S.K.: 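Starting off with a structure, shown below.
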Amino acid sequence: METKSRDAVKQVINLKGEPLDLDYTFGSGQIFLWRKIGDWWLGNIGPSAVLMAKDGDDLAVRCEPPLSTVEVERFLALDVCYSEVTSKGPKDPFSVSLLERYAGLRILRQEPWFCLVTYLVSASLSIEAIEKALGRISEGGLRRTVDGHSLNLFPGPAAFLNLKRPRRGYLGRKWTYIREAARKLERGDMDFQQLRSASYEEAWSSLVRDRGNGTMGVGPKVADCVLLFSLDKAEAFPIDRWVLRGLLEHYPKLVPLRIRDRMEGSKGSNLTLVEYRELSSNVRAYFGPFGGWIQECLFLDARTVSRPTDPWVA
DNA sequence: GCCCAGGTGCGGC
DNA sequence: GCCGCACATGGG
């Protein structure tokens with residue numbers, strides 16, 4: 001009989017000077033269901049519960065069940081050189097200052113299914129509400145514990161299909177969209193590996209709902225989020241209301257005149273599909289192959305200006 | 001109560 | 001194609 005919870009093996013990953021800021025990375029709103037406990041961040045990578053903390057140029061990691069170093073590095077995208085992100089980005093002062101200010105904010109390689117569900121749910125919800133909804137769904141998942149800290153794994157597509165709604169009407173039609181996506185994955189009508197190896201344009205077009213094709217609930221912005229955060233499309237540049245505000249303020253030349261005029265009028269109506277494509281094309285040409293990494297800084301910056309009290313953003 | 005939140009689908013012009 | 005609205009739901 002064990003009298004106390006056993007300690008998971010502690011791994012140490014040397015970062016070799018590669019910038020990594022866990023607070024920016026996990027607090028930026030790109031991923032959900034990770035939480036900070038003291039100096040440690042707790043969440044899951046695949047089937048494992050994970051604790052990680054920075055220690056100088058090292059990263060301390062505890063996993064249960066254990067993961068290889070490569071699996072952790074892959075999740076954190078440590079194979080992407082930050083110096084390349086910087087050098088391949090535009091040289092205007094604001095972009096440069098963003099990457100300096102948020103140095104070490106890395107775009108994670110999330111699990112695609114969880115990422116898809118996250119952004120299907122996200123439409124027109126606050127970050128707090130998204131977190132809450134995902135947490136409720138994950139109550140139907142397997143429980144994992146590392147060093148006495150527990151969490152629920154997010155249910156996969158097959159497990160999700162066996163779930164009951166927490167309560168009637170919960171998430172409305174979004175619940176149906178998630179279910180349909182799960183079915184497509186189970187049937188093989190949607191294949192993340194194919195999307196990962198396809199070009200950005202191909203993958204985007206096959207995800208977006210347009211004239212009966214694509215996936216219900218996946219518009220242009222959700223598609224960009226899934227591609228950037230889980231399918232290795234670093235040039236994807238999701239444009240939500242915050243990023244649009246940031247672009248209007250700092251890069252008005254990139255925003256087609258028609259959009260600029262309409263936004264100045266009063267409250268922001270949404271972009272049409274055609275407008276989104278045009279703006280997206282402009283910003284991807286400008287920000288380059290790692291545009292998504294700058295997008296996340298821009299998102300954080302635009303939100304910080306408006307909400308300076310957010311926990312990890314100040 | 002009212003407004004806003006990492007948008008999207010739909011029906012009417 | 002574009003516009004306006006419904007959609008859920010928690011927090012300020």
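All heavy atoms count here, side chains included; hydrogens, waters and symmetry mates do not. Just so it is clear, the model here is predicted, and its values are computed rather than measured. Chain naming here is simple, since letters A, B, ... match the order of the sequence lines and numbering starts at 1 in each.
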S.K.: Which nucleotide sits closest to the side chain of A:Arg245: B:dA5, C:dC2, B:dG9?
M.R.: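 For A:Arg245, the side-chain atoms sit closest to B:dA5.
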S.K.: What residue among A:Ile294, A:Leu298, A:Leu300 forms side chain to side chain contact (heavy atoms under 4.5 Å, CB included) with A:Tyr102?
M.R.: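 So the option named by the test is A:Leu300.
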S.K.: Measuring from atom CZ of A:Phe299 to atom OG1 of A:Thr304, what distance do you get when rounded to the nearest 0.5 angstrom?
M.R.: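 Those atoms lie 9.0 Å apart.
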S.K.: Using the side-chain heavy atoms of A:Gln30, tell me which of these nucleotides is nearest: C:dC2, B:dG7, B:dG6.
M.R.: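 Among the listed nucleotides, the one closest to the side chain of A:Gln30 is B:dG6.
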S.K.: Tell me whether the centres of the aromatic rings in A:Phe75 and A:Trp34 are closer together than 6.0 Å.
M.R.: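 Centroid distance A:Phe75-A:Trp34: below 6.0 Å, so yes.
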S.K.: For A:Phe229, which contact category applies under a 4.0 Å heavy-atom criterion: base, sugar-phosphate, or nothing?
M.R.: base
S.K.: Taking the side chain of A:Pro220 as heavy atoms from C-beta outward, which of B:dG6, B:dT8, C:dG11 is closest to it?
M.R.: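 Out of B:dG6, B:dT8, C:dG11, the nucleotide with an atom closest to A:Pro220's side chain is B:dT8.
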S.K.: Salt bridge between A:Arg183 and A:Glu186, side-chain N to carboxylate O under 4.0 Å?
M.R.: no
S.K.: Please classify the nucleic acid contact of A:Gly219 as base, sugar-phosphate, or nothing, using heavy-atom distances under 4.0 Å.
M.R.: sugar-phosphate
S.K.: Rounded to whole angstrom, note down the P distance from B:dG11 over to C:dA8.
M.R.: 15 Å
S.K.: Regarding A:Val243, tell me which of base, sugar-phosphate or nothing describes its non-hydrogen contacts under 4.0 Å with the strands shown.
M.R.: base
S.K.: Select one nucleotide: of C:dC2, B:dT8, B:dG6, the one nearest the side-chain heavy atoms of A:Asp240.
M.R.: B:dG6
S.K.: In terms of the nearest nucleotide of DNA chain B, which residue is placed more toward the 5' end: A:Glu296 or A:Arg209?
M.R.: A:Glu296
S.K.: Just so I know, are the side chains of A:Leu20 and A:Thr25 near enough to count as touching, which here means a heavy-atom distance under 4.5 Å?
M.R.: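 A:Leu20 reaches A:Thr25 side chain to side chain.
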S.K.: Can you find a pair of side-chain heavy atoms, one from A:Phe287 and one from A:Gln295, that are under 4.5 Å apart?
M.R.: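 Of all side-chain heavy-atom pairs linking A:Gln295 with A:Phe287, none is under 4.5 Å.
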S.K.: For C:dG4 and B:dG6, measure between their P atoms and round to the nearest Å.
M.R.: 24 Å
S.K.: Can you check the A:Asn270 CG to B:dG9 C1' distance for me, whole Å?
M.R.: 12 Å
S.K.: What integer distance in Å separates A:Leu228:CG from B:dG6:P?
M.R.: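 After rounding, the gap between these two atoms is 17 Å.
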S.K.: Round to the nearest Å and state the distance from A:Ile137 atom CD1 to C:dA8 atom C1'.
M.R.: 13 Å
S.K.: Within residues 107-116 of chain A, find the residues that approach DNA chain C with a heavy atom at under 4.0 Å, and present them sorted by residue number.
M.R.: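 Residues of residues 107-116 of chain A under 4.0 Å from DNA chain C: none.
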S.K.: Report yes if some heavy atom in the side chain of A:Val218 is under 4.5 Å from a heavy atom in the side chain of A:Val226; otherwise report no.
M.R.: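 No - every pair of side-chain heavy atoms lies 4.5 Å or more apart.
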S.K.: Enumerate the residues from residues 167-183 of chain A whose closest heavy atom to DNA chain C is under 4.0 Å, giving them by residue number; use none for an empty result.
M.R.: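 When residues 167-183 of chain A is checked for heavy atoms under 4.0 Å from DNA chain C, the hits, listed by number, are A:Arg167, A:Gly169, A:Tyr170, A:Leu171, A:Gly172, A:Arg173.
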